[in-house]
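These notes are about the structure you will find just below.
The structure presented is a predicted model; accordingly, all values stated were derived computationally and were not measured. In what follows, every heavy atom counts, from backbone to side chain, and hydrogens, waters and symmetry copies are set aside.
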Amino acid sequence: MDAFKLMKELRANYEQEVYYLPKETGLSLIESTTQNDSRISAKCRDAKVEDLWSLTSFFGYSTQTFVLAVNLLDRFLAMMRIQPKHLSCVSLSCLHMAARVTEEECNLSSTDELIRIGQCKFTVSDLGRMEKIVAEKLDFKSKAVTALTFLHLYHQIALSHCTDRKETLSLDKLEAQLKACLCRISFSKAKPSVLALSLLRQEIEAVQSEDMLEIAHHVQRHLKIADGELLYWCDLVAKCLSDYASPECSKPNHRKLVWIVSRRTAQNLHSSYCGAPDLPTIPEGGWDESESEDSCEDMSSGEESLSSSLGSDADDPYFPLHLRRQTHRRHPAP
């Protein structure tokens with residue numbers, strides 16, 4: 001695709017991104033929710049997104065699937081008032097919906113397998129019912145404009161002007177860094193175009209390419225992104241990536257980057273799946289309605305963590321401070 005068509009597509013997506021943003025008021029309410037409240041907290045949301053990263057890696061799904069799933073999840077959580085015990089069903093529904101859109105049919109895992117690997121306490125019919133609710137509330141058809149959309153466009157634009165330095169901008173590296181950012185709800189408030197440009201700027205500064213920096217400035221001017229807005233998110237991105245590289249990083253369920261299926265999951269895989277009772281009816285009130293008085297206990301509370309990984313792609317040199325690469329592997333069912 002030539003430069004003119006790329007810039008035209010960039011502008012078209014920029015004009016559409018507003019329709020796929022989570023409601024900021026809903027995100028703010030999640031951030032202000034405490035762990036003991038009857039609503040979803042930021043820590044609870046972030047931990048669930050990390051689980052989606054692990055499941056995406058386990059099933060061999062693309063970054064596009066993960067990013068779309070997180071987008072659906074955040075938009076739904078920012079719109080609907082749900083209880084933590086329903087979060088597992090909502091998040092897995094978003095992943096399944098995203099996979100059906102982005103993955104080849106032959107690569108899709110069965111719904112039953114997805115539930116078992118995810119160590120969830122609901123049935124296939126529960127998941128299907130939840131998917132219908134999410135699709136209806138979000139008016140979801142088949143796509144969304146996300147930060148990954150812009151990251152790919154920025155990457156193509158940069159390479160179209162710097163064909164002699166293709167090795168300096170790794171799309172895999174940029175995608176891995178985007179995944180790390182999406183594991184924190186604060187980045188859900190960023191415009192996708194700005195978050196993607198912030199990641200690109202970080203990488204360009206790392207490789208010290210004046211030519212690519214000028215291209216980034218050109219893209220910024222083309223989209224009329226204010227310097228202050230870009231600088232704000234660049235600082236947050238730099239801090240996030242540094243945190244992920246640090247062994248002292250204090251994020252939900254901090255894990256080494258290697259997939260491990262728990263003993264409980266291995267036992268479940270060995271035996272046939274037994275249906276669980278249907279979930280209680282999910283209240284469909286918005287954030288501005290009266291507070292729920294139901295229990296805030298997560299339906300997966302007390303279980304072992306479903307993984308010990310955020311994904312195989314968060315390794316050196318994708319993050320600063322030289323993360324040591326860990327081996328990614330699946331543990332077959334006994």
Assess whether side chain to side chain donor-acceptor pair (under 3.5 Å) is satisfied between H152 and Q64, documenting all intermediate values.
CA-CA 11 Å; H152 283 190; Q64 186 179 4; over 6 Å; no
Step by step, work out the side-chain contact (heavy atoms from CB on, under 4.5 Å) result for D235 and L231.
CA-CA 6 Å; D235 288 344; L231 180 61; 4.0 Å; yes
Derivation of the side-chain contact (heavy atoms from CB on, under 4.5 Å) call for F187 and V237:
CA-CA 9 Å; F187 288 98; V237 165; 3.7 Å; yes
Show your reasoning for whether side-chain contact (heavy atoms from CB on, under 4.5 Å) applies to Y154 and I215.
CA-CA 9 Å; Y154 295 158; I215 293 169; over 6 Å; no
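Side chains of L95 and F66 form no contact here, defined as non-hydrogen atoms less than 4.5 Å apart. Within the 4.5 Å cutoff, side-chain heavy atoms of L92 are placed close to those of C120. In this structure, S188 and R45 have side chains that are in contact, with non-hydrogen atoms separated by less than 4.5 Å. Between L182 and W53, every side-chain heavy-atom pair lies at or beyond the 4.5 Å cut-off. Side-chain contact between S198 and L230 is present, with heavy atoms from C-beta onward closer than 4.5 Å. A heavy-atom distance below 4.5 Å is found between the side chains of L21 and P192.
D139 has a carboxylate O that lies under 4.0 Å from a charged side-chain N of K141, or vice versa, which qualifies the two as a salt bridge. The pair D46-K43 does not meet the salt-bridge criterion, since no charged nitrogen lies less than 4.0 angstrom from a carboxylate oxygen.
Shown here are the side-chain hydrogen bond (donor to acceptor under 3.5 Å, both in side chains) partners of T65, two or more places apart in sequence or in another chain: S62, T102, E103. Under the side-chain hydrogen bond (donor to acceptor under 3.5 Å, both in side chains) criterion, R75 pairs with N71, not counting sequence neighbours. Every residue two or more places apart in sequence or in another chain that forms a salt bridge (charged side-chain N to carboxylate O under 4.0 Å, His left out) with E131 is listed here: R100. For E105, there are no side chain to side chain contact (heavy atoms under 4.5 Å, CB included) partners, not counting sequence neighbours. Among residues two or more places apart in sequence or in another chain, the ring-ring contact (aromatic ring centres under 6.0 Å, His included) test is passed with Y61 by F59. Checked against side chain to side chain contact (heavy atoms under 4.5 Å, CB included), A190 has the following partners two or more places apart in sequence or in another chain: L195, W233. Legend: residues meeting side-chain hydrogen bond (donor to acceptor under 3.5 Å, both in side chains) with K239, ordered by chain and number and at least two apart, are D243. Among residues two or more places apart in sequence or in another chain, the side-chain hydrogen bond (donor to acceptor under 3.5 Å, both in side chains) test is passed with E214 by R221.
Shown here for I40 and P84, the closest heavy-atom pair between the two residues is CD1-CA, 3.3 Å. What you find for C94 and A69 is that their closest heavy atoms are CB-O, 3.6 Å. Taking every heavy atom of both residues into account, A144 and L68 meet most closely at CB-CD1, 3.7 Å. Nearest heavy-atom pair across C183 and E50 is SG-CG, 3.8 Å. The two residues C240 and A180 come nearest to each other via the heavy atoms SG-O, 3.9 Å. In terms of heavy-atom proximity, T123 sits nearest to S125 at OG1-OG, 2.8 Å.
Judged by distance alone, the side chain of N13 and the main-chain N or O of E9 form a donor-acceptor pair under 3.5 Å. S91 places a side-chain N or O within donor-acceptor distance of the main-chain N or O of L87, the cut-off being under 3.5 Å. In this structure a side-chain-to-backbone donor-acceptor pair under 3.5 Å is present from T56 to L52. H96 places no side-chain N or O within 3.5 Å of a backbone atom of T111 that could act as its donor or acceptor partner.
Heavy-atom contacts from other residues, nucleotides or ligands closer than 6.0 Å to NE2 of H217 number more than 12.
Rounding to the nearest 0.5 Å gives a distance of 10.0 Å between CZ of R184 and CG of L236. The distance from atom CD1 of I185 to atom CG of L77, rounded to the nearest 0.5 Å, is 7.5 Å. Remark: R39 CZ to S41 OG distance equals 10.5 Å, nearest 0.5 Å. Taken to the nearest 0.5 Å, the CD1 atom of I204 stands 10.5 Å off from the CD atom of E210. Put simply, CG on D126 and OG on S93 are 9.0 Å apart, with the number rounded to the nearest 0.5 Å. Taken from CG in L127 to CE in M97, the straight-line distance is 10.0 Å, to the nearest 0.5 Å.
For residues 185-208, the set of pairs meeting the salt bridge (Lys or Arg N to Asp or Glu O under 4.0 Å) definition, not counting sequence neighbours, comprises E31-K189, K173-E203, R201-E205. Screening residues 53-69 for salt bridge (Lys or Arg N to Asp or Glu O under 4.0 Å) gives no qualifying pairs among residues at least two apart or on separate chains. Applying the side chain to side chain donor-acceptor pair (under 3.5 Å) rule to pairs touching residues 222-231 yields Q220-D227, sequence neighbours excluded. Pairs engaging residues 14-24 under the side chain to side chain donor-acceptor pair (under 3.5 Å) rule: E17-S193 [sequence neighbours left out].
Both V124 and L55 are members of a single hydrophobic cluster when ILVMFWY side chains are connected at heavy-atom separations under 4.5 Å. Tracing side-chain contacts under 4.5 Å through hydrophobic residues (I, L, V, M, F, W, Y), one never reaches L10 starting from L171; they form parts of separate clusters. One hydrophobic cluster, built from ILVMFWY side chains closer than 4.5 Å, cannot hold both L223 and F4; they sit in different ones.
Between L200 and the choices L213, I157, V219, L174, the side-chain contact (heavy atoms from CB on, under 4.5 Å) rule is met once, by L174.
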